[in-house]
Amino acid sequence: MSEEVLPGARGTLFLVATPIGNLEDITLRALRILREVRLIAAEDTRHSRTLLDHYQISTSCISYHEHNKLARLETILEALSLGNVALISDAGTPAISDPGFELVQACLAAGYTIVPIPGPSAPIAALVASGLATQRFAFLGFLPRRSAERRTLFADMAELTVTLICFEAPHRLLDSLADMQAVFGDRTIVVAKDLTKRFEDLRRGTASDLISHFSTQRPRGEYTLVIEGRPPGEHKRDRNRLQASTHTGEPPTEAEIAGRLRLLRDQGFSGSSAARAVARELGLQKSVVYEVWLSLGAGE
């Protein structure tokens, strides 16, 4: 019986972090829990079997992934009524850009205890090695697939001074870097590939540096990106540029607003995100700017 649960207690769901590449990156406590639980719910049982076989763990497994996570809830809750269950993902900490959130909610609603078994996490590993500020950060998960949606997300994040962290697939990396440059400017970005694996690589540079590099070196592997937050004074510099461009400091004309909106529209911004960005830049109400957007015939 695990020391985590008293005899006769209701089952416990353990959220067990597993290696993100190097099989040695797993805690002694995690190995003990995986041996002692009644059942392991794994994102991909075939993938997880490599880890379990390496440490000679024979606990029964069932799949729990994005496509069956709701259908599996009843099965896992039934298993918890008989004993403890561990949830693991293919790599890293469960429920962080991996299935698990719905299961945790269901277990809490049913009165079961949730116990995290901490360990590897790609976002944290990339952050601490990035050289960027670690005091405060925001995790964005996997970036949207479409450029317009990415730019809308980045526009929402553009004023944050905290470090940003996200995941991206290799075939979309260049496009995402271009979207970051368009919205954030040429900030410092760290692109981490295959963390803890044999060909681990952390590449640091400005957005333009990285676009130049990956234009000639085809992206391969899984990527974690760490992005510099808005540098101190950047907003002030933008405001000064705006005041210089308007000469007299008078309120911007509708033509000036329309010109900025057209530029963002051509870059793929939606009406809402373009209006928000221009309103922030010019110090106007978003509703006023959005009226100009509609007058362009640009739609929603």
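Every heavy atom of this structure was used, including side-chain atoms; hydrogens, water molecules and symmetry mates were not.
- By the 6.0 Å contact criterion, CZ on F101 is open, its count of non-hydrogen atoms from other residues, nucleotides or ligands being 12 or less.
- Using a 3.5 Å distance cut-off with no hydrogens or angles, the side chains of R187 and T206 do not pair a donor with an acceptor.
- Shown here are the side-chain hydrogen bond (donor to acceptor under 3.5 Å, both in side chains) partners of S97, two or more places apart in sequence or in another chain: there are none.
- Side chains of T45 and S48: no donor on one and acceptor on the other come within 3.5 Å.
- For P219, the side chain to side chain contact (heavy atoms under 4.5 Å, CB included) partners at least two apart in sequence or on another chain are P170, L173, F214, Y223.
- To the nearest 0.5 Å, atoms CG (D156) and OG (S272) are separated by 8.0 Å.
- Neither side chain, T59 nor R38, offers a donor N or O lying under 3.5 Å from an acceptor on the other.
- Of the charged side-chain nitrogens involved, none lies within less than 4.0 Å of a carboxylate oxygen, so that K193 and D201 do not count as a salt-bridged pair.
- When all heavy atoms are compared, the tightest approach of K197 to I20 is CE-O, 3.6 Å.
- Within the model, atoms CG of L261 and CD of E254 stand 10.0 Å from one another, a figure rounded to the nearest 0.5 Å.
- For Q217, there are no side-chain hydrogen bond (donor to acceptor under 3.5 Å, both in side chains) partners at least two apart in sequence or on another chain.
- Put simply, the side chain of D53 never gets that close to the backbone of T50: no donor and acceptor are under 3.5 Å apart.
- Screening R46, R72, E43 for a side chain to side chain donor-acceptor pair (under 3.5 Å) with S63, the sole residue that qualifies is R72.
- Within the structure, side-chain hydrogen bond (donor to acceptor under 3.5 Å, both in side chains) contacts touching residues 17-27 (residues at least two apart or in different chains) do not occur.
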Distance-only criterion, 3.5 Å: show the donor-acceptor pairs between side-chain atoms of residues 114-140 and protein atoms not counting sequence neighbours.
{"unit_1": "S130", "atom_1": "OG", "unit_2": "L127", "atom_2": "O", "d": "2.7"}
{"unit_1": "S130", "atom_1": "OG", "unit_2": "L132", "atom_2": "N", "d": "3.0"}
{"unit_1": "R136", "atom_1": "NH2", "unit_2": "T161", "atom_2": "OG1", "d": "3.3"}

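- Between R145 and E149 there is no salt bridge, since none of the side-chain N atoms of the basic residue sits less than 4.0 Å from a carboxylate O of the acidic one.
- Annotation: side chain to side chain contact (heavy atoms under 4.5 Å, CB included) contacts of A169 (sequence neighbours excluded): H171, R172.
- Atom CG of L28 has 12 or fewer neighbouring heavy atoms from other residues, nucleotides or ligands inside a 6.0 Å radius.
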